[in-house]
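Just so it is clear, the values below take in all heavy atoms, side chains as well, and ignore hydrogens, waters and symmetry mates. Every value quoted in this text rests on a predicted model; they were computed, and no experiment measured them.
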Amino acid sequence: MAAVDDLQFEEFGNAATSLAANPDATTVNIEDPGETPKHQPGPPRGSGREEDDELLGNDDSDKTELLAGQKKSSPFWTFEYYQTFFDVDTYQVFDRIKGSLLPIPGKNFVRLYIRSNPDLYGPFWICATLVFAIAISGNLSNFLIHLGEKTYHYVPEFRKVSIAATIIYAYAWLVPLALWGFLMWRNSKVMNIVSYSFLEIVCVYGYSLFIYIPTAILWIIPQKAVRWILVMIALGISGSVLSMTFWPAVREDNRRVALATIVTIVLLHMLLSVGCLAYFFDAPEMDHLPTTTATLNQTVAAAKSS
């Protein structure tokens, strides 16, 4: 039988003292679960990490996108469902406006600004502001063109507000809807095509129209050359945003189909800008032609009677 002294419990002190007394002993270190190791080797960073961050955005946007996908979506008939489309702060809106005004080659506007939190707040108010800017500036342009003419009587044309609203909102919703349907159709045929959601496409088109707000205000200047220079600058900036955003979505497709898609996007954008300039700003001169013709006919009739 074992001696009584062998069955007694012993208090162990410091591990260093125990090892000094018995060098052949083996010690096991059990760490506290609450403690974290002081030195943990981090995962190796590849050389292509910086290139991916530069092209697709930063890690914060990807984490936000992952968390957004984990959120439970509300039914579409509830107010909370549509409230998520307007859940954006002022900093994000200004950052997206700045991105639409300064397109950077190699930067994807959707991945860099939109995908983390696509919204309808910015596109809605940009379109609303553009509608009033075009309508008011068109009325002021009409007034300045005929200023000083005795036969001209200024009458505000409120119908231009409804016409501008129909054109702008139809373009900002119907064109993205058609483009989204086309990309979905091509995605079913070509597997490598980058897919964009309908909300992301609407967001891109909405923010791309911001450049036309100051342009419409400057269209008040009664000089055709200045107006056309302004519309070309606005078309170049906004068209670049659309082209660089949607080119990655179609570049893996057939070459002709990809080029035809980008050309169609730019042509529709050009049709909007040139059409607004021609109808709301150059049209007043055409409206004045019947008055001039009537005055000329009265002068001819008076000359014949005399």
Just to verify, what does [X] make a side-chain contact (heavy atoms from CB on, under 4.5 Å) with, not counting sequence neighbours?
X    : value
I233 : I229, I237
I220 : S137, L140, L144
S243 : I262, V266
R255 : W247, L259

I'd like to know if the side chain of [X] and the backbone of [Y] have a donor-acceptor N/O pair within less than 3.5 Å.
X    : Y    : answer
D253 : A258 : no
Y169 : A128 : yes
R96  : C203 : no

Legend entry - Over all atoms of both residues, closest heavy-atom pair of Y196 and P248: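 Scanning both residues, the minimum pair turns out to be OH-CB, 4.5 Å.
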Report yes if the side chains of [X] and [Y] come closer than 4.5 Å at any heavy-atom pair, otherwise no.
X    : Y    : result
I167 : Y171 : no
I201 : V175 : no
C127 : L209 : yes
I163 : Y279 : yes

Please report the interatomic distance [atom1]([X]) to [atom2]([Y]), rounded to the nearest 0.5 Å.
X    : Y    : atom1 : atom2 : answer
S208 : F109 : OG    : CZ    : 8.0 Å
S273 : L230 : OG    : CG    : 12.0 Å
L272 : L130 : CG    : CG    : 7.5 Å

Inset, instruction - Anything under 30° is parallel, anything over 60° is perpendicular, the rest tilted; go ahead and classify Y205 against F246. - result: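 Tilted: the ring planes of Y205 and F246 meet at 30° to 60°.
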Inset, instruction - Determine, step by step, whether V274 and W228 satisfy the side-chain contact (heavy atoms from CB on, under 4.5 Å) criterion, reporting the C-alpha distance in whole Å, the side-chain angles of both residues, the deciding distance to 0.1 Å, and the verdict. - result: CA-CA 9 Å; V274 174; W228 281 102; 3.7 Å; yes
Inset, instruction - Would you kindly say whether R111 and T245 are connected by a side-chain donor-acceptor distance under 3.5 Å? - result: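 R111 vs T245: no donor-acceptor pair found between side chains.
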Inset, instruction - Could you tell me which residues satisfy salt bridge (Lys or Arg N to Asp or Glu O under 4.0 Å) with D95, sequence neighbours excluded, listed by chain and number? - result: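 Once residues adjacent in sequence are excluded, the partners of D95 under the salt bridge (Lys or Arg N to Asp or Glu O under 4.0 Å) criterion are K98.
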Inset, instruction - Report the hydrophobic cluster partners of V263, with the cluster defined as I, L, V, M, F, W, Y residues connected by side-chain heavy atoms closer than 4.5 angstrom, directly or transitively. - result: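 Direct or chained contacts put V263 with L267.
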Inset, instruction - List, by chain and number, the other hydrophobic cluster members for L271, where Ile, Leu, Val, Met, Phe, Trp and Tyr join if side-chain heavy atoms come within less than 4.5 Å, directly or indirectly. - result: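 Traced through the cluster, L271 reaches no other member.
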Inset, instruction - Please collect all side-chain hydrogen bond (donor to acceptor under 3.5 Å, both in side chains) contacts where either partner lies in residues 121-131, sequence neighbours excluded, each pair once. - result: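 For residues 121-131: none.
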Inset, instruction - Any salt bridge (Lys or Arg N to Asp or Glu O under 4.0 Å) involving residues 198-223? Give me the pairs, sequence neighbours left out, ordered by first then second residue. - result: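 Sorted result for residues 198-223: R115-E200.
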Legend entry - Trace of the side chain to side chain donor-acceptor pair (under 3.5 Å) decision for S141 with R227: CA-CA 11 Å; S141 176; R227 290 175 176 176; 2.6 Å; yes
Legend entry - Results of ring-ring contact (aromatic ring centres under 6.0 Å, His included) for Y212 - residues two or more places apart only: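 Y212 satisfies ring-ring contact (aromatic ring centres under 6.0 Å, His included) with H269 only.
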Inset, instruction - Under the ring-ring contact (aromatic ring centres under 6.0 Å, His included) rule, collect the residues that match up with Y207, sequence neighbours excluded. - result: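 For Y207, no residue satisfies ring-ring contact (aromatic ring centres under 6.0 Å, His included) once neighbours in sequence are set aside.
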Legend entry - Stepwise side-chain contact (heavy atoms from CB on, under 4.5 Å) check, T261 with L179: CA-CA 9 Å; T261 304; L179 181 59; 4.3 Å; yes
